[in-house]
Amino acid sequence: MKKLILLALVLMLALCVASSANAEKAFHTYLTADTPILNGHNSVETSLDTPIGYCGATLYRAIADESRLNYKYIGEIAAELPEEISENVWRIALRPEACWANGEPINADTVMYSFKMLLDPVLANQMADFLSDASITIVNAKEYSKQTSDAPVAWEDVGIKKIDDYTIEITTTGSVTQNSVCAQFTNRATAMVYEPLYEAGMNADRTSTTYGVTADQWMSAGPYKLESWVHDSVQTYVRNENYWLPEYFNFDTVEVRIIKEMNARVELWEQGALDYLSPDANTIETYIDDPRLVENSSLTVFHIDINCKNPENPLTASINYRKALYHAMNREVIARSIFGYQEPSGTYVNGQAGMFSGEIYRDSEPGLAVTARVNEWGPAGYNPELAREYLAKAYEECGVSEDTVITLIMAFDESDTAWKATAEYLKEELPVIFEGKIQLDFDFHTESATAYKQTHDVWDLSPNDWSRSASRTYPYTCFYYYLSTYDSHPNNFFDEEFEAQYAVCDSEEVKSDYPRLLEETAKLENIYLDKVIHIPMVQGVGYQLISDRLELPVDEFVPGFGWGLIYADIVE
Amino acid sequence: MIIEDRNHLPQELEDIPAEKLQLAGKDNYRDEAFATAPIGFYRDAFRRLRKNKVSMASLIAILVIILLAIVVPEISGYTYVQQNVDQKYLPPKIPGLEKLGIADGTRVMTNRKKSSISDPTRFPEGSVLEIVREYQAGKRIAVDVKVDYYKYCGVPEGVYHWFGTDYLGRDILTRLFRGTRISLLIALLSVVTNLIIGVIYGSVAGYYGGRIDMFLTHFAEVLDGLPYIVVTILFMMLFGAGIVSIVLALTVTGWIGTARLTRAQFYRFKGREYVLSARTMGVPDRRLIFRHILPNTVGPLITRAMIAVPGAIFSESFLAYIGLGIMPPEPSIGILLSSGQSVLLQYPYLTLFPAVLISVLMVAFNMLSNGLRDAMDPNHRGEE
Amino acid sequence: MLKYILGRIGAMLLTIFLVMTLSFWIIRLMPMTIFENPEVSPEVQYKLEERMHLHEPKIVQYYYFLEGIILKGDFGTSVKLRPGMDVFDIIMVRIQPTMVLNFFSLLVSIPLGILAGTVAALRRNTWLDHVISFAIVIFISVPSFVFASLLQYCLTFLWPVFPTLYNAQAPNVWQAFRSMILPITALSLGPIATIARYLRGELIETLSSEYMLLARTKGLTQNEATWSHAFRNSMVPIANTIIPMITGIMGGSLVIEKLFSVPGEGGLLVDSIMAGDHFLTVALLIFYSLISLITILVVDISYGIIDPRIRIGGGK
């Protein structure tokens with residue numbers, strides 16, 4: 001009997017030791033919506049950054065540098081940073097030790113296959129542009145992926161070449177920096193794809209593949225491997241024993257739960273079951289003083305597109321009408337109270353624009369001059385008096401009699417709480433400002449705003465939140481979406497002066513001279529304000545709560561890198 | 001007897017000319033008038049209903065809520081769209097009750113920096129009532145502090161929001177009863193539409209029978225197989241948000257039950273003697289249906305309609321909950337519930353008030369329909 | 001009997017066909033784009049749409065749609081929520097949590113409902129009866145999502161007794177079940193009350209009927225008579241409540257699944273509507289119809305077997 005008790009005790013002790021030895025470094029985070037598929041080629045969802053960041057391998061990877069204030073690129077699949085061997089030709093050597101989670105090697109053939117499939121004109125992958133034309137533009141890549149039957153482009157003509165098994169070469173259309181080359185090849189779309197599974201999932205006419213639709217149809221290569229994926233519930237990652245750069249990563253396991261309800265996220269955060277939380281407009285109030293709360297200026301300026309071609313609105317093409325609306329927005333109230341502790345913004349170039357080029361545009365002299373111009377009108381451009389004046393002018397200009405009441409239609413996605421509240425706010429506010437002449441009606445859509453605009457003509461206002469990461473290098477690229485060359489043009493606005501000035505900014509000459517570029521960008525932004533291409537509203541501010549038990553690789557928020565959570569360590 | 005004896009009648013009696021005959025006692029034969037007023041079926045039912053305390057309480061509760069829904073939005077001093085974003089999420093403050101410490105417009109704000117309390121730009125003078133808890137959070141000292149939230153938001157003295165305010169600073173009390181109005185309207189419209197369609201359909205099927213009945217019944221049966229969720233969702237997608245769409249969506253299969261009930265009643269009554277005799281006397285179909293048979297079904301129909309009302313209110317809030325409700329800024333109970341649910345942890349009162357109201361309404365309608373069913377049960381007729 | 005069953009199946013197929021037709025036309029009549037991505041050129045867009053036959057007349061599309069479903073079991077491919085994945089597969093993957101949730105709710109509701117109803121009837125007009133009757137009214141009246149929010153707020157936030165969310169990765173059965181307790185409870189309260197109310201009414205009526213008296217006079221004790229006559233007879237019409245109950249549970253699970261992050265069909269249906277993933281929406285609507293029709297069929301047939309009187313009338 002005694003022996004038995006002793007045995008039991010020993011067993012229990014052993015169990016305790018075993019369990020304490022097993023004390024893993026587990027990181028708990030969440031996604032608000034699950035990744036639709038794991039194939040980085042064909043999904044535009046940013047939620048894909050999570051699984052591909054942890055379990056995918058790209059040519060380069062951004063890590064925190066020694067100063068803990070910035071980041072630098074290191075080769076992941078690449079052996080070292082890219083080298084410009086002749087004008088616009090970059091050579092990238094690959095690591096011989098790079099391999100898939102199952103041990104199979106990753107070499108130049110893998111890279112070539114991944115890139116070729118991403119650009120494949122028949123597959124028509126949604127992310128093709130992220131390889132062909134982002135921070136660098138690769139020769140003939142866009143032409144290849146978007147080729148038409150009357151202008152065929154061969155794969156051989158694309159500026160991506162295999163030199164030997166562990167070397168590739170990239171040819172760009174213009175002169176670029178080493179950093180922008182690296183930046184292009186850290187994007188999730190350029191992560192490697194596993195050929196056997198990619199081919200196995202291909203349909204008969206090679207128009208689509210089921211690669212990455214489930215965990216079984218996908219292969220990890222990064223620091224972690226996808227251990228299980230219950231769609232809409234949880235993704236778990238464990239260390240990939242075959243990974244070749246383990247020294248940068250500290251977590252043993254990562255659990256990503258998919259939590260759609262903000263309440264549930266807050267509850268889990270409060271219980272300590274999440275190491276990270278991004279509060280929304282309603283919850284930020286609770287945490288605004290929390291020492292764990294960190295904030296950063298985001299790449300997004302929330303704005304409202306105005307339809308310049310609504311057949312049922314007599315004012316639709318009038319600049320004065322757009323100016324009237326521009327001045328009618330009480331941005332301070334909307335940013336602070338409705339969006340929740342955000343910054344009002346009467347200008348469109350975002351607060352991160354230009355940071356990679358040495359000076360943030362908004363803090364530069366030309367940028368500040370534009371801000372000053374806006375603030376002269378009123379706080380962040382808000383000036384009801386001016387708004388009424390412009391509306392009167394617009395009525396006169398369009399030959400609308402003075403007592404006409406015009407009902408604008410604001411189309412938005414009802415599930416977006418901040419915009420919905422803004423819309424409700426404006427519905428009451430605009431008639432007050434315009435003395436009843438302008439009324440607001442709503443039209444809900446469940447699809448994206450872009451899709452809505454493709455199928456509807458009759459709308460006037462539509463919230464938008466485009467952000468262009470290229471603007472971190474070239475501030476003017478914020479305006480990219482309003483060019484006539486852009487396929488899904490958002491507001492039927494076309495203006496020659498604007499396009500000409502954009503072309504000036506976009507010229508090699510100006511791009512290579514940054515102070516000049518700032519000047520030209522300010523001119524562009526002034527044209528944008530003169531014509532009111534759309535209504536800027538709120539400069540986004542990102543808020544995050546980060547658990548005390550995490551030791552971060554950086555001391556402050558690094559735009560383009562964030563807090564480097566993936567490289568954090570757990571200290572209890 | 002008389003007929004048999006006819007041949008034996010005296011000749012003179014047989015020869016009396018017709019004009020000499022007259023009806024005897026024309027003015028004398030009358031039933032004795034009732035000393036008391038006659039008690040009709042509905043009067044009787046109502047009398048029995050009145051005896052049922054729970055039902056009467058329910059009826060009163062419903063009437064009170066309807067009255068509030070009509071009156072409150074008009075006299076609350078606010079409109080349902082009147083907004084003030086500086087005064088969003090104000091807690092409830094009710095004159096009278098505030099002295100008891102409930103609904104006094106205070107709120108415990110957790111997790112504040114201690115230094116911020118003395119900052120008058122953040123906590124205006126006099127807004128801080130009490131420090132509930134002081135603790136170390138990271139490198140800072142944090143406090144949970146009880147504030148007079150009305151002062152905190154700069155609301156002038158004497159302003160009361162009985163049920164607090166929402167994300168745009170709109171008065172919840174006004175919006176709640178405005179929402180009740182909308183929800184009741186949706187319920188009423190859908191129930192009436194269902195009744196009209198159902199009664200006509202059921203009457204036609206039940207009265208004519210045969211082929212028509214067979215066809216109509218089978219059609220209804222196939223339609224009835226459509227799950228209610230599927231149909232409502234499809235129709236909301238088709239018609240978009242709005243009261244009319246919800247009513248239409250609730251009508252698609254909602255009338256079938258009424259039709260079935262009416263048809264069954266018709267089968268029961270159309271063979272009765274009084275109907276047959278009316279038909280023999282040449283009463284037209286329409287009159288037969290509406291005058292002679294249909295009134296029999298009114299009792300069960302009223303009961304059914306009563307049960308359908310909470311169902312419709314429920315459906316509306318369910319649709320609002322999954323994002324297929326009516327157009328903002330118009331409130332409904334469902335809209336208020338779902339927007340309250342998204343801030344349940346921070347501002348539970350936003351869920352509490354609509355939840356209590358919808359529960360009371362549902363319980364009352366259910367109890368009333370129970371009482372009505374019992375009261376209108378012909379088996380209990382005349383019972384005390 | 002065979003003729004009766006065949007008739008029921010015929011009607012069911014007709015309804016399914018109606019659901020398919022309705023959902024196809026309603027969803028295709030709405031203005032929509034299936035692919036929406038600013039980065040995709042119009043030409044590629046056209047190519048993608050061509051794959052789905054979107055440029056052919058609606059009636060031809062309808063033909064393809066029916067042909068796909070009926071002949072090939074092909075419900076199309078998801079375009080938004082799980083692009084590239086076969087819609088049928090998506091549904092199959094998620095069937096388990098939904099079924100577990102709905103099945104357990106049924107499993108819990110029926111015995112508890114019967115118990116509550118019986119107790120209330122046998123102890124009629126005692127305090128026990130009043131408590132149960134009051135609870136019945138509350139549970140029938142208050143929408144399940146109000147209960148769910150309330151339960152979640154109280155039992156996971158104020159007093160954390162249960163996990164907040166469904167645990168898809170539970171190490172053992174108990175953990176998994178524990179995370180299901182709250183959603184199951186929220187879904188079951190209504191059905192329990194429905195059954196209890198129905199059974200209470202039935203039992204009270206049977207207990208006072210003449211054959212009970214007969215049973216007593218022929219020498220059975222009150223308990224024996226209650227068990228073998230009253231109870232059995234009252235159980236038959238309970239099946240009546242099961243059809244609306246199942247639809248109720250399914251409707252409730254739409255919201256409950258979202259609240260508790262259960263990766264089932266209900267949340268998927270709501271998401272697919274919101275995301276505009278139309279092929280998925282259509283397939284899910286058909287799925288829901290099928291489940292509800294099969295339930296109706298099973299109940300109808302078992303009814304026909306139990307009680308031949310109903311069969312003759314053919315459900316009229």
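Naming convention: chains lettered A, B, ... in sequence-line order (proteins, then strands); numbering from 1 in each chain.
- Side-chain N or O atoms of B:T165 include one that pairs as donor or acceptor with a backbone N or O of B:Y89 at under 3.5 Å.
- A:D548 does not touch chain B: none of its heavy atoms, backbone or side chain, sits under 4.5 Å away.
- Per-residue heavy-atom pair counts under 4.5 Å with chain A were compared for B:Q346, B:K113, B:Q83, and the maximum is reached by B:Q83.
- For chain B, the option among A:E261, A:R336, A:E285, A:E429 with the highest count of heavy-atom pairs below 4.5 Å is A:E285.
- Chain B forms the most heavy-atom pairs under 4.5 Å with one residue out of A:I338, A:N282, A:N263, A:D441, and that residue is A:N263.
- The side chain to side chain donor-acceptor pair (under 3.5 Å) analysis of residues 120-130 of chain B, with sequence neighbours excluded, yields the pairs A:D289-B:R122, B:D119-B:T121.
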Practice item. Decide yes or no on salt bridge (Lys or Arg N to Asp or Glu O under 4.0 Å) for A:E424 and B:K88, but give the supporting numbers first. Key: CA-CA 14 Å; A:E424 284 185 71; B:K88 62 175 193 171; over 6 Å; no
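- No other option in A:P291, A:A421, A:A423, A:A281 has as many heavy-atom pairs under 4.5 Å with chain B as A:P291.
- Ring-centre distance between B:F318 and B:Y321: not below the 6.0 Å cut-off.
- Between A:Y326 and A:W377, the ring centre distance stays below 6.0 Å.
- Heavy atoms of B:L168 lying under 4.5 Å from chain A belong exclusively to its side chain.
- B:D171 and B:H161 are linked by a side-chain donor-acceptor pair at a separation below 3.5 angstrom, with hydrogens and angles left out of the test.
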Check your understanding: Yes or no on side chain to side chain donor-acceptor pair (under 3.5 Å) for B:Q87 and B:Y150, after CA distance, side-chain angles and deciding distance?
Key -> CA-CA 8 Å; B:Q87 303 178 4; B:Y150 280 64; over 6 Å; no
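- For A:E414, the part lying near chain B is the side chain, with the backbone staying farther off; criterion is any non-hydrogen pair under 4.5 Å.
- Judged by distance alone, with hydrogens and angles left aside, the side-chain atoms of A:N375 form no donor-acceptor pair with the main-chain N or O of A:P379 at under 3.5 Å.
- Residues A:W419 and A:F339 bring their aromatic ring centres within 6.0 Å.
- Taking 4.5 Å as the heavy-atom cut-off, none of the residues of residues 348-362 of chain B approach chain A.
- Heavy atoms of A:E270 lying under 4.5 Å from chain B are absent altogether.
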